[in-house]
Amino acid sequence: MDSKNPSRRPVQTPPPVAPGSDASAADPLLASLNPAQREAVLHDDGPLLVIAGAGSGKTRVITHRIARLIRDGTAADGILAITFTNKAAGEMRDRVEALLGVRSPWISTFHSFAARLLRRHIYRLPPYSTSFTIYDEEDVEALLREIVRGMDLDPAAWAPRSLAAKISMVKNKGVHDAGELPLRGRYEDQVFQEALARYGRGMQERNALDFDDLLLLTVRLFTTPSDLLDRYREQFRYVLIDEYQDTNFVQYRIGHALTEKSRNLCVTGDPDQSIYSWRGADPSNFRRFETDYPEAHRVTLDQNYRSTRRILRCANAVIRHNSDRQPKDLWSENPEGERVRIRRFADGREEAAAIAARIQELNDGAKPAGAIAVFYRINAFSREIERALILSGIPYVVVGGVAFFQRREVKDVLAYLRILSNPRDSQSLLRIINTPARRVGPAAVDRAAERAATARLSILDVVLSEAHRGTFPSAARRGLDEFAAIYRQLHALPRSPVFSLVEAVLASTNYVQHIQRSEGEEANERIRNVGELENAAAEYDDRVPGGDLDGFLSEIALLTSVDRWDDRKDRVSLMTLHSAKGLEFPAVFILGVEDGILPLGRSRLNPDAADKADLEEERRLLYVGITRAREELMITHTRERLRFGRPAPAFPSGFLEEMVDHDSEPGIDAGGAVELGKGSRGASGGLRMEVEDSPNDFNSDDGFGGDGDDGDDPFPPGARVRHPRYGEGTVVGGWGLGARRRLTIRFDRAGEKQMVLGFAKLMRIW
DNA sequence: ACTAACTTAATTTTT
DNA sequence: TTAAGTTAGT
């Protein structure tokens, strides 16, 4: 974390000086490091593997190592450092510069590195050209939708989204062309192969790359015979890769290609924090590293400087339940700290209100809003907490969520810029050819696409050509004329500053007026967003000397969800657990820790749905969340959750029971749960969890509401319920526990039915 | 070709 | 609940 906000400065205390290391102690780059950290910083040539637990000062090690390499004679541009977010890259750059007062080396994400490399060299990989466009998910899905239509496939069975995911998975394994797919005879495989082939051709025609292409084509640049790889190997004497547990195979190959000769690859990470395997990340890259670099030196950092001991015990207790891991417990010399609070609420509203209330208390104490974060598993859960914070007048910022650059109005304006940059980007062209509306409908678009195909021209060429345009019906023709005029006017402008280009787009299209006309209440917000885009362009012009349109477009395409987050402002930060990776806050709230949410899916009622690997990744996600907290941690769940606007019963996550550290004194406070807690039936589970205040059913045998008749059962016999299909009825019996509980319900009209609580969309009436 | 009214699907997580 | 996609009427 950056230290601009004093409330979030790392709590690292200077560790004791290692015995017999006077020389080291005198070195300012080593003075504040513990022996293991020093070892990593001082390690000279050759591969280095740093297993760094949460809060163990990993970033410190990396920055100090870079600084040391430079001080000891390595040229700054002889070092390449890869981080997980652009924000982390920026902070690392600042830190290195602060340590040495020199220009920092090349630090960026894999994707940004690849984009920069490709801008320079992609001409070697025809038909791509330097002004390629980076497609985001939406662009990719739009193209796939077209392909699915073109292949006459059932759009339900071949949803663009899952198709995109599948394509990405394949690419992450290193397959780029359909021809490289292992051939099997199954119909689905053949269809997939054909779709992939069409997708590849479509992207090439458009001179467009998706996120995976950036990496894959970089590998291809390096493996296509030329002097290029040698040149970069020569340049990057040292390569460092952070968050190694979340790199994929293609990224591995990039790192390996660069360092196969020099052997100077340093990787840092923590297998317990691997949370992106769904995106192709492959933690076995650690193993691969040790195979490919058998001489690697290994350093483990397990002293935590961030969290209180209670928080750490909670984290250790959770992660210990993962079987697929090397045992590793974090330890700390930090104070014991406050108890970790686990709280249950009736519904999301109460949960949010309670969190807001606690935040208020913290604000009144020593913790400003900027010291506090709220994490959730899915973005949709930000709503309720936002509402509560607004109600309490607490300033907040949602990190990530619906990304700014994905907003419709922003993408429209960007589409004008993209078609300027890359005339082959027909996806962008089609987006704006009739936006603002100029009477160019689907029929005209189809026709233009057809003519383009037969004349072997781009659609833009057809639109720009007087001759082709003349063949359209008069209304569409006038619209196309108008578009062509706008395009020509914009095209004549210089490619920088970008700000002027944005202005020109807005002016020539009357875009703001268009918003006012077509949008109702949201018009103002959308206009504000367009204004923010102007700011972003101006800011880019200022910050990047020599930057042009291409640079601006690739930068915003590769922004990570935390990149736009200004952590210097004093606001509560709201984000997903995924976005929380790498961050830390004095106080952390994790909400919605419920079965089916965290772990997401249906693991408890339906253990087969999520396999063990998925479950363990969910557990790591919680572990990441817990270990973000420095002093205060509160974890909440509810008994009822709105699903698609309808209330549905919710059950505590199985992970909650795991938080108890059996081997040491209690660090968890599961008491004080509001209302409802009528007390548990017999705390028979022994010392499962220390509960101080009003005990709730954490103490019962399974951590869930029982099968009995007390206030803990959301649907006791006699309860009246409503079902969307069967109408109203009365619960007459039940069997089983938690979400798996089977209820027998006598419906007034439909008769008696058995249903599983977790699946049935039941609402209690009284 | 455009608009308004309808249906329906979606919730992982993100470069 | 909400957004996006579909259909029917102008």
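A/Gln251 has its CD atom 8 Å from the C1' atom of B/dT15, to the nearest Å. As rounded to whole Å, 4 Å separates atom C1' of B/dT15 from atom CZ of A/Arg279. A/Lys87 places its NZ atom 17 Å from the C1' atom of B/dT14, with the value rounded to the nearest Å. Per the geometry, CG belonging to A/Leu600 stands 15 Å off C1' belonging to B/dT14, to the nearest Å. Here the P atom of nucleotide B/dT14 and the CG atom of A/Asn172 are 16 Å apart, to the nearest Å.
OP1 or OP2 of B/dT14 sits under 4.0 Å from a side-chain N or O of A/Ser579. Distances shown here put every side-chain N or O of A/Asn86 at or beyond 4.0 Å from the OP1 or OP2 atom of B/dT15. Proximity of A/Ser112 to the phosphate of B/dT15: no side-chain N or O atom is located under 4.0 Å from OP1 or OP2.
Counting non-hydrogen atoms under 4.0 angstrom, A/Asp212 reaches nothing in the nucleic acid. A/Phe84 comes within 4.0 angstrom of nothing in the nucleic acid, heavy atoms only. Residue contacts shown for A/Arg145 are limited to sugar-phosphate atoms, with no base heavy atom under 4.0 Å away.
At least one side-chain heavy atom of A/Phe483 sits less than 4.5 Å from a side-chain heavy atom of A/Ile432.
For A/Arg206, the salt bridge (charged side-chain N to carboxylate O under 4.0 Å, His left out) test picks out A/Glu146, with sequence neighbours left out. Not counting sequence neighbours, A/Glu450 has no partner by the salt bridge (charged side-chain N to carboxylate O under 4.0 Å, His left out) test. Partners of A/Arg438 under the salt bridge (charged side-chain N to carboxylate O under 4.0 Å, His left out) rule, at least two apart in sequence or in another chain, are A/Glu482. Annotation: salt bridge (charged side-chain N to carboxylate O under 4.0 Å, His left out) contacts of A/Arg119 (sequence neighbours excluded): none.
Both geometric conditions, a ring-centre gap below 5.5 Å and a plane tilt below 30°, are fulfilled for A/Trp278 over the base of B/dT13.
Side chain of A/Arg377, nearest nucleotide from B/dT15, B/dT14, B/dT12: B/dT12. Residue A/Glu137 places its side chain closer to B/dT15 than to any other of B/dT15, B/dT12, B/dT13.
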Could you list all N or O pairs between the protein and nucleotides 1-4 of chain B that sit under 3.5 Å apart?
from: B/dA1; atom 1: OP2; to: A/Gly441; atom 2: N; distance (Å): 2.5
from: B/dC2; atom 1: OP1; to: A/Arg439; atom 2: N; distance (Å): 3.0
from: B/dC2; atom 1: OP2; to: A/Asn434; atom 2: ND2; distance (Å): 3.2

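Contacts between chain A and DNA chain C, taken as any atom within less than 4.0 angstrom of a protein heavy atom, begin and end at C/dT1 to C/dG5.
The neighbour count for A/Lys173 NZ, taken as heavy atoms of other residues, nucleotides or ligands under 6.0 Å away, does not exceed 12.
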* Output, in order, the C-alpha distance, side-chain angles, deciding distance and verdict of side chain to side chain contact (heavy atoms under 4.5 Å, CB included) for A/Ile167 and A/Val170. => CA-CA 5 Å; A/Ile167 290 175; A/Val170 170; 5.8 Å; no
